[in-house]
Participant: 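Have a look at this one.
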Amino acid sequence: MATSAPLLDVQGVTIQYKTAEQLVTATWQVGFQVDRTDRLVLLGPSGCGKSTILKAVGGYLTPADGRITLDGRTISGPGPDRMMVFQETDQLLPWKTVRQNVAFALTASRKASQNEADEQAMAAIRTVKLEKFADAYPHTLSGGMKQRVAIARCLAMKPEIVLMDEPFAALDALTRQQMQEELLELWNRSKFTMIFVTHSIEEAILLGNRIVLLSPHPGQVKEILDVDLDDPANRFHGRFNDLRDTIHRVLFHDLGDYVI
Ligand SMILES: Nc1ncnc2c1ncn2[C@@H]1O[C@H](COP(=O)(O)OP(=O)(O)O)[C@@H](O)[C@H]1O
Ligand SMILES: [Mg+2]
């Protein structure tokens with residue numbers, strides 16, 4: 001059977017930070033592949049290098065060893081083909097409205113003229129159900145609404161791959177659950193490719209079709225699991241619990257005396 005090349009290929013990636021006092025090895029020989037329309041989750045405890053890997057895919061960090069290719073080309077810097085959504089709810093420009101925030105990314109990257117950008121921005125804002133707030137400023141929105149704008153801004157760019165770094169971690173539990181379900185609905189409609197970072201086992205099972213389990217510092221791949229749930233939103237599904245137990249076992253085995 002012919003296998004097609006993955007969209008993103010992370011091969012033996014070791015990433016180090018050089019500080020004045022020391023050399024910190026954040027990840028060690030990390031490898032995984034992302035195919036088109038995958039919802040790949042990076043799961044592991046705090047400090048295991050999840051954000052570091054995402055920043056390397058984003059082109060903001062260069063691996064000390066290994067390489068990352070997108071569509072066969074080695075990533076050498078940031079680009080509009082990889083858009084990030086962060087945890088912080090203050091990632092919007094406070095002096096621009098919702099619509100201007102979304103349109104700005106499009107015009108700044110010269111993906112669209114001002115008129116086209118306005119139209120595309122409105123279309124993206126509609127997909128996250130915020131059309132009534134298109135002319136509102138970020139400070140008037142709730143945390144969940146701000147994250148929806150950040151997601152709209154990202155998707156409006158039609159990147160090859162969407163990079164999400166714990167985008168719902170700062171939200172209250174109910175809003176977080178709602179956002180998870182909305183993200184799945186959005187994916188069902190437009191089938192984008194994403195890497196989603198979280199330290200929540202449940203969030204990983206809910207959102208991912210594949211989960212990369214990372215060991216603590218320095219982050220190494222422990223296991224890669226396929227999520228085969230008919231209805232991921234059913235958190236009381238037997239298979240959901242099986243996966244949660246498996247992940248627990250792998251992560252806790254590795255954590256040893258760590259407490260998470
Ligand atoms: N700018 C930095 N300088 C030095 N060490 C860093 C820097 N950023 C992250 N680290 C270290 O790299 C490791 C991985 O960090 P990070 O990728 O933020 O983990 P995670 O996102 O999984 O919580 C941690 O030990 C962290 O302290
Ligand atoms: Mg992080």
Side-chain angles (χ1 to χ4, degrees), residues 8 10-32 34 38-68 75-78 82-92 143-144 146-147 150-151 154 161-173 176 179-180 183 194-208 210-225 244 247-248 250-260:
L8 185 87
V10 177
Q11 302 165 39
V13 167
T14 297
I15 302 169
Q16 296 175 320
Y17 291 101
K18 291 187 185 72
T19 68
E21 308 84 44
Q22 56 175 340
L23 188 66
V24 180
T25 301
T27 73
W28 181 254
Q29 301 277 312
V30 167
F32 59 86
V34 183
D38 263 347
R39 305 181 310 277
L40 184 117
V41 172
L42 297 178
L43 174 66
S46 259
C48 76
K50 303 181 296 296
S51 296
T52 299
I53 297 166
L54 216 59
K55 282 178 197 156
V57 174
Y60 300 102
L61 289 173
T62 308
D65 194 18
R67 67 182 200 136
I68 307 175
I75 286 172
S76 58
R82 285 149 290 140
M83 294 296 291
M84 287 248 208
V85 179
F86 298 95
Q87 174 177 340
E88 295 74 25
T89 53
D90 61 357
Q91 56 193 299
L92 305 174
K146 286 184 206 168
Q147 291 309 74
I151 291 169
C154 169
I161 186 159
V162 172
L163 308 174
M164 297 203 168
D165 195 354
E166 310 212 35
F168 309 145
L171 305 176
D172 65 83
R176 183 173 186 164
M179 294 293 294
Q180 291 165 344
L183 184 64
M194 73 169 172
I195 301 181
F196 190 101
V197 161
T198 183
H199 62 258
S200 157
I201 295 176
E202 298 214 336
E203 187 166 68
I205 302 171
L206 186 73
L207 293 181
R210 201 179 306 152
I211 305 177
V212 178
L213 297 180
L214 295 162
S215 67
H217 193 67
Q220 282 177 275
V221 175
K222 288 305 297 176
E223 213 162 305
I224 299 179
L225 296 174
R244 193 171 47 196
I247 294 171
H248 250 280
V250 174
L251 290 181
F252 277 96
H253 175 266
D254 220 74
L255 283 171
D257 295 335
Y258 270 65
V259 177
I260 52 171

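Read the numbers this way: they start at 1 and go in the same order the structure lists the ligands and their atoms. Here the structure is a predicted model, which is why all the values come from computation and not from measurement.
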Participant: Show the atoms of ligand 1 that are less than 4.0 angstrom away from any heavy atom in Thr52.
Facilitator: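 In order of number, 14 (C), 15 (O), 16 (P), 17 (O).
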Participant: Quick check: Val24 and ligand 1, any N/O pair under 3.5 Å apart?
Facilitator: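 No - when backbone and side-chain N and O of Val24 are compared with those of ligand 1, no distance drops under 3.5 Å.
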Participant: Taking the side chain from Lys146 and the backbone from Leu92, do they hold a donor-acceptor pair closer than 3.5 Å?
Facilitator: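 Flag not set: sc Lys146 to bb Leu92 has no pair under 3.5 Å.
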Participant: Do side-chain atoms of Thr25 reach the backbone of Gln16 as a donor and acceptor pair under 3.5 angstrom?
Facilitator: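 No, the answer is negative, given that no donor and acceptor are paired below the 3.5 Å cut-off.
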Participant: Any idea which part of Ile53 is under 4.0 Å from ligand 1, heavy-atom wise: side chain, backbone, both or neither?
Facilitator: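 The answer is neither; Ile53 stays 4.0 Å or more away.
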Participant: Of all the non-hydrogen atoms in the protein, which one sits nearest to atom 2 (C) of ligand 1, and at what distance?
Facilitator: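 That would be Tyr17 CD2, 3.4 Å.
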Participant: What is the nearest protein non-hydrogen atom to atom 19 (O) of ligand 1, stated with its residue, atom name and distance?
Facilitator: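 Answer, as residue, atom name and distance: Gly49 N, 3.2 Å.
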Participant: Could you walk me through whether Gln147 and Gln87 pass side chain to side chain donor-acceptor pair (under 3.5 Å), step by step?
Facilitator: CA-CA 8 Å; Gln147 291 309 74; Gln87 174 177 340; over 6 Å; no
Participant: Using distance alone, decide if ligand 1 has a nitrogen or oxygen within less than 3.5 Å of any nitrogen or oxygen in Ala26.
Facilitator: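 In this structure, Ala26 places no N or O atom under 3.5 Å from an N or O of ligand 1.
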Participant: Distance-only, no hydrogens or angles: does the Ser215 side chain make a donor-acceptor pair with backbone N or O of Gln220 under 3.5 Å?
Facilitator: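 Yes; judged by distance alone, with no hydrogens or angles, the pair exists.
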Participant: Determine the minimum heavy-atom distance between Ser200 and Arg176, stating which atoms define it.
Facilitator: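 That closest heavy-atom pairing would be CB-NH2, 3.7 Å.
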Participant: For atom 24 (C) of ligand 1, which of the options Pro218, Gly47, Gly219, Pro45 provides the nearest non-hydrogen atom?
Facilitator: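 Nearest option to atom 24 (C) of ligand 1, by heavy atoms: Gly47.
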Participant: Closest non-hydrogen protein atom to atom 18 (O) of ligand 1, residue and atom name please, with distance?
Facilitator: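 For atom 18 (O) of ligand 1, the nearest protein heavy atom comes out as Ser51 CB, 3.9 Å.
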Participant: At a 4.0 Å threshold, what atoms of ligand 1 neighbour a non-hydrogen atom of Ser46?
Facilitator: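 Counting atoms of ligand 1 from 1, those under 4.0 Å from Ser46 are 23 (O).
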Participant: Which of the numbered atoms in ligand 1 are below 4.0 angstrom from a heavy atom of Thr19?
Facilitator: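 So the answer, numbered in order with elements, is 4 (C).
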Participant: Any non-hydrogen protein atom below 4.0 Å of atom 5 (N) of ligand 1?
Facilitator: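 Protein heavy atom within 4.0 Å of atom 5 (N) of ligand 1: present.
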Participant: Can you tell me if Ser51 uses its side chain to pair, donor with acceptor, with the backbone of Asp165 under 3.5 Å?
Facilitator: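 It does not hold such a pair.
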Participant: Name the option, out of Lys55, Lys50, Glu166, His199, that contains the heavy atom nearest to atom 22 (O) of ligand 1.
Facilitator: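 Ranked by closest heavy atom to atom 22 (O) of ligand 1, first place is Lys50.
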Participant: Look at the side chain of Thr14 and the backbone N and O of Ala64, then say whether any donor-acceptor pair between them is shorter than 3.5 Å.
Facilitator: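 Between the backbone of Ala64 and the side chain of Thr14 there is no qualifying donor-acceptor contact (under 3.5 Å).
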Participant: Under 2.8 Å from the Mg ion (ligand 2), is there an N/O/S atom belonging to Thr52?
Facilitator: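 Looking at Thr52, which is the residue asked about, there is no N, O or S atom under 2.8 Å from the Mg ion (ligand 2).
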Participant: Quick check against the 3.5 Å criterion: does Arg39 have a side-chain atom that pairs as donor or acceptor with the backbone of Phe196?
Facilitator: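 No, Arg39 side chain to Phe196 backbone: no donor-acceptor pair under 3.5 Å.
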Participant: Would you please test Val85 and Gln91 for side chain to side chain contact (heavy atoms under 4.5 Å, CB included) and show each step?
Facilitator: CA-CA 8 Å; Val85 179; Gln91 56 193 299; 4.2 Å; yes
